K.L.:
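Here it is, the structure, as structure tokens.
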2 protein chains.
Amino acid sequence: MALDRDHALRAAAALLTRKSTATMDEVAKAAGISRATLHRQFAGRDALVRALEALGIAECETALEAARLDENPAEDAVRRLVREVEPAAGLLAFLYTENQLFEGEEQHAGWARIDDRITAVFRRGQQNGEFRIDLTPAWLTEALFGLLASGAWMVQSGKGAPKDFTRMIAELLLGGALRRDETQREGS
Amino acid sequence: MALDRDHALRAAAALLTRKSTATMDEVAKAAGISRATLHRQFAGRDALVRALEALGIAECETALEAARLDENPAEDAVRRLVREVEPAAGLLAFLYTENQLFEGEEQHAGWARIDDRITAVFRRGQQNGEFRIDLTPAWLTEALFGLLASGAWMVQSGKGAPKDFTRMIAELLLGGALRRDETQREGS
DNA sequence: CCCACATGAGACACTCATGTCTCATCGCGG
DNA sequence: CCGCGATGAGACATGAGTGTCTCATGTGGG
């Protein structure tokens, strides 16, 4: 049963990532179950989205662990983070825009914790002297999520290749568009 | 009448920017007119969104003109572009996510033209030697829109100050998070 | 073999936004 | 002063999505 629930959750994630307005009918069909069963596993659309949010948070935290954010240099930590979080980017993009709708309600505490951990890497990088100090850690964190969403959409619309995903995001976030005269790290 | 329509359009833009799911009732109330009148000006919600799209495209093109994208250096052109497009960022963020929903339908041709012009700047910057060549112009363009949306949301949620908006986006897009040893341009 | 339980299919009521309509009112020009 | 046009208010039908319910089926364990 728990397995069925997880299966339905994954299917919902995959579908809603592509079509954020999909109905419960469509989600059920995508999961290969009936709408009734879907309703037995998730009280309603709202509960489903909440569950997806929890899934997204969990995957984010897994990625945070795998990225070993506390190891130096911070630059490499950020690269690892982008790489590890890539599989969840589509789901995150969905949740990211979904969150724009939660007007009054405060967001899930999990996001705050994730935000804090990512913000901390950027702050450490600044204190290290690795990162410039005129871009706030909060903005860098927000920009990371924005770029993840942009990248996910770009891949989805076929305007970009999935294999470039990680590099494009990490390189832009860290290095920017301007060419660096000093020879920096090349490619992967 | 045309003035009324424009007034309603602006009000709708302002509201939908904040709450993308606002109903026709709410839009009408925000514009200070009745739902009936709103319907007389825009055949339906769809027509309203289309009109907003046209408005967004128009504002984008105005910004493109004001940014004088064809002047060198490309770096400054991009900075001007970010500055000029800033007032429209909220509307663009709305349209950006709205476009994710248009599954089958091809997008407005205006976007393609705007995309082309922005892409061209990045390409020119690469040929100039100003920009690195391992980030595709298409990705840089997409990233610009993504960062604009992130910035707009950040300002809206109060997590960032509006006055930093332009700098944060332009600096990240162009320079990235890494510190540059060589002394570059400072501040504005 | 039989029963319990999960499932699928579908009916049903309800909510909500939309689109259309009518009608009274108001303002402005002839 | 009269009438026209635009507007606001509201009723109404419609459609979509949701949530709840019932019932038949089928499958697996006792």
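Just so you know, these numbers come straight off a predicted model, no measurement behind them.
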K.L.:
Any carboxylate oxygen within less than 4.0 angstrom of a Lys/Arg side-chain nitrogen, looking at Arg117(A) and Glu65(A)?
P.N.:
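So Arg117(A) pairs with Glu65(A) through a salt bridge.
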K.L.:
Got a salt bridge between Arg50(B) and Asp46(B), using NZ or NE/NH1/NH2 to carboxylate O under 4.0 Å?
P.N.:
yes
K.L.:
Before accepting this row, confirm whether a basic side-chain N of the pair Arg180(A)/Glu171(A) lies closer than 4.0 Å to the acidic partner's carboxylate O.
P.N.:
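So Arg180(A) does not pair with Glu171(A) through a salt bridge.
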K.L.:
Whole angstrom is fine here: how far is it from CZ in Arg5(B) over to C1' in dA6(D)?
P.N.:
17 Å
K.L.:
Salt bridge check: are Arg45(B) and Glu98(B) linked by an N-O gap of less than 4.0 Å?
P.N.:
no
K.L.:
CG of Asp4(A) versus P of dG28(D): gap in Å, rounded?
P.N.:
14 Å
K.L.:
Using a 3.5 Å distance criterion without hydrogens, assess whether the side chain of Arg80(A) forms a donor-acceptor pair with backbone atoms of Arg68(A).
P.N.:
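It does hold such a pair.
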K.L.:
Between Asp70(B) and Arg124(B), is there a side-chain N and carboxylate O pair less than 4.0 Å apart?
P.N.:
no
K.L.:
At a cut-off of 3.5 Å, list every protein nitrogen or oxygen paired with a nitrogen or oxygen from nucleotides 23-29 of chain C, distance to 0.1 Å.
P.N.:
none

K.L.:
Does a side chain donor of either Glu142(A) or Ser150(B) reach within less than 3.5 Å of an acceptor in the other side chain?
P.N.:
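No - no donor-acceptor pair under 3.5 Å links their side chains.
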K.L.:
Roughly, in whole Å, what's the span from CG in Asp46(A) to P in dT20(D)?
P.N.:
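Rounded to the whole Å, the gap is 12 Å.
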K.L.:
According to a strict under-4.0 Å criterion, is Thr37(B) in side-chain N/O contact with OP1 or OP2 of dG8(D)?
P.N.:
yes
K.L.:
According to side-chain contact (heavy atoms from CB on, under 4.5 Å), who are the partners of Glu61(A), at least two apart in sequence or on a separate chain?
P.N.:
Ile57(A), Arg113(A), Ile114(A)
K.L.:
Output a table of nitrogen or oxygen pairs between the protein and nucleotides 10-18 of chain D separated by less than 3.5 Å.
P.N.:
from, atom 1, to, atom 2, distance (Å)
dT18(D), OP1, Arg45(A), NH1, 3.3
dT18(D), OP2, Met24(A), N, 2.9

